[in-house]
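Note sheet for the following structure.
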Amino acid sequence: MNEPIPEHSEIIWNACAAIIKEQVSDMVWQSSFRDIEPQTIQGSSLFVYVPNQFIREKLERRFRPIITDALERASNGILSSLMINVKIVPESEEEGFDAMSYSGAGPEVNSNSEIEPANTQHSHLRSNDLNMPRFTFEKFVCGPSNSFTHAAAMRVAEEPGEAYNPLYIYGGTGLGKTHLLGAIANYVQTHYPSKLVWLITTETFMNEFVQAIRTKNLYEFKDRYRKADVLLIDDIQFLAKKESLQSEFFYTFNALYESHNQIVITSDCPPVEIPTLEERLRSRFNMGLITDVQPPDIETRLAILEQKINEQHRKYIKHDILLYIAEQITNNIRELEGALNRVCAYAALHKQEISKMEAQEQLHDLFYTASKQPIQPKHILKVCSDFFDVAIDDIIGTSRRQQLVHARHVAMYIMRELTDLSFPAIAQIFGGRDHTTVIHAEKKIKRQLAERHDIYLRVTQLTRTVRTKYGSDRPLALPESA
């Protein structure tokens, strides 16, 4: 390739992104990969933009192996020689992008500074995690499974603080809850530019709360969120078992509600099913409108795929391929888009219409894994036993030999990642140990994943083996930081 091919660079990056999303946690994706913008292909390099030097360094130092692997997997090895080149986004549109003169240098950026949305001179949107301009009501595909929730979100955006306060949206992973949060935020900012909108995850709220306690800045923390005109908070189920955080959120909720400011909450379950949630919080969540998002029917899934094709101007993908994908993936819109990205990348690389047989070959591993039963602890122990060539009884036993300790820690880490078991439950499997042992093992392996390439490859291989043999819809989560 001697000339820039922006369309192909976008298709290729979308396919890689779908693969990367399977292997990293949502937190890592949001902080490190979400804002990557593909630009062009020059020679053997795929050039991409990132917002600042902090993200660029993380990609270069920590995640280059996973990106390289994704480039290769996206096309079954065709892109094995294609490398990623990361550039800081220009400070002005006039600067342009010159891949041939790219030196890899970029301006120094304070990683702790607050990043504002582009072109928002009068904007008051604040978002540590979820500032996604592409999420609008126009791009949300409605169907019988989500039309009521869409209408409720639209009403809240049109009249913040006046209707459905709070609005509580729940449903499974990848069904559009975060999209609706982003759509509300973008709509409010467009039509009410003077309003202060906070769009965050519960995890960020928790981290900032802990940091405020450590730095003795609780007043600033409270003031920041209690002045919001609209607070949109994702994954509220993570308040479970965090008493002090629940108490802080309770008072923040009361302050906003009494001021007639809008609150929108998402969760993977209704309030009644959040374990250890304080009754006073549960009652407040129930004060407004509770609505759920169900998996889309096949007509809606087809409409989503058709919309993605039209948006990206993709070629070579006919209706029968879209129907095949829609029939195979029924419960997760993200997986639906990921499958589409993969076949689009394959077709674009070959510059010809893709057949159904080729689509089946490209997507076999996705559909095969998704069809299997949830992973059991014994499956993980068996794979680790075979890999390390040690007995399962030794892994769960008390020996302190270095090889066994490492195998034990890896098994504990993978068990945390691929199952829903708690720390105490995993500790019981490993000979009735104290749950702090499992916490220590998880932290240790997370740190080693970021520091040692051999450990990263080993854990990735083991996780992939478990998922391939026994099936799981939960990916390997790489650490955010050591």
Side-chain angles (χ1 to χ4, degrees), residues 20-29 62-63 65-66 69 173 203 206-207 235 237-238 240-242 268 275-276 369 372-482:
I20 292 169
K21 270 189 173 182
E22 296 175 358
Q23 301 181 57
V24 302
S25 67
D26 286 343
M27 182 180 68
V28 171
W29 173 263
R62 186 177 305 166
F63 296 121
I66 195 174
D69 177 66
T173 300
E203 184 172 22
M206 176 183 67
N207 291 339
D235 291 327
Q237 71 273 7
F238 292 124
K241 301 181 181 180
K242 299 175 177 67
D268 62 1
T276 70
T369 299
K372 292 202 167 188
Q373 297 298 316
I375 288 173
Q376 302 297 321
K378 63 182 181 182
H379 300 151
I380 296 169
L381 290 172
K382 176 66 168 63
V383 170
C384 289
S385 171
D386 292 342
F387 181 88
F388 291 105
D389 193 24
V390 295
I392 292 178
D393 287 344
D394 290 334
I395 294 178
I396 65 177
T398 59
S399 172
R400 300 298 300 169
R401 279 199 297 128
Q402 184 175 358
Q403 180 188 13
L404 286 175
V405 170
H406 178 64
R408 189 176 300 136
H409 286 173
V410 169
M412 288 177 175
Y413 174 82
I414 296 176
M415 211 168 286
R416 277 290 295 171
E417 292 304 316
L418 299 186
T419 75
D420 292 322
L421 293 174
S422 64
F423 288 116
I426 294 175
Q428 285 300 311
I429 293 170
F430 286 83
R433 286 175 164 82
D434 188 89
H435 73 281
T436 57
T437 303
V438 185
I439 295 174
H440 168 74
E442 184 186 43
K443 288 181 177 179
K444 181 177 181 179
I445 297 300
K446 278 186 177 181
R447 184 177 66 252
Q448 290 178 339
L449 283 171
E451 297 173 349
R452 294 180 53 183
H453 186 60
D454 60 327
I455 299 294
Y456 165 76
L457 292 176
R458 182 180 304 156
V459 175
T460 300
Q461 178 183 344
L462 280 165
T463 305
R464 190 175 297 167
T465 300
V466 173
R467 296 180 67 207
T468 300
K469 283 188 174 183
Y470 302 107
S472 172
D473 60 359
R474 192 171 176 187
L476 168 66
L478 296 182
E480 164 62 12
S481 60

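Only heavy atoms go into these numbers, but all of them, side chains included; no hydrogens, no water, no symmetry mates. For this chain, numbers begin at 1 and follow the sequence in order. None of the values given here were measured: they were computed from a predicted structure.
- No donor-acceptor distance shorter than 3.5 angstrom exists from the side chain of D235 to the backbone of Q237, with no hydrogens or angles considered.
- Taking OG1 from T463 and OH from Y413, the interatomic distance works out to 7.0 Å, rounded to the nearest 0.5 Å.
- A 6.0 Å sphere centred on CG of D454 holds more than 12 heavy atoms belonging to other residues, nucleotides or ligands.
- Interatomic distance, I426 CD1 to I439 CD1, rounded to the nearest 0.5 Å: 10.0 Å.
- In this structure, G397 and R408 approach most closely via the heavy-atom pair O-NH2, 3.2 Å.
- Looking only at distances, no side-chain donor or acceptor of R458 sits under 3.5 Å from a matching main-chain atom of V410.
- Using a distance-only test at 3.5 Å, with no hydrogens or angles considered, a donor-acceptor pair links the side chain of Q403 to the main chain of F388.
- For A411 against I395, the heavy-atom pair with the smallest separation is CB-CG2, 4.4 Å.
- Across all non-hydrogen atoms, the minimal contact from R416 to V438 is CG-CG1, 4.4 Å.
- Closest approach of A240 and P275 over heavy atoms only: CB-O, 3.2 Å.
- The only option from K382, Q428, M415 that meets the side chain to side chain contact (heavy atoms under 4.5 Å, CB included) definition with P377 turns out to be M415.
- R433 places no side-chain N or O within donor-acceptor distance of the main-chain N or O of A427, the cut-off being under 3.5 Å.
- The backbone N or O of D394 lies less than 3.5 Å from no partner atom in the side chain of S399, so there is not a single donor-acceptor pair.
- Of the N and O atoms on the side chains of R401 and H406, not one donor lies less than 3.5 Å from an acceptor on the other residue.
- The structure places CG of L381 at 10.0 Å from CD1 of I414, a figure rounded to the nearest 0.5 Å.
- Atom CG in D393 sits 9.0 Å away from atom OG in S385 (nearest 0.5 Å).
- Atom CG of L404 sits about 10.0 Å away from atom OG1 of T398, to the nearest 0.5 Å.
- In this structure, the separation between NE2 on H409 and CD1 on I455 is 12.0 Å, given to the nearest 0.5 Å.
- Counting only heavy atoms from C-beta outward, the side chains of M206 and K242 approach each other to under 4.5 Å.
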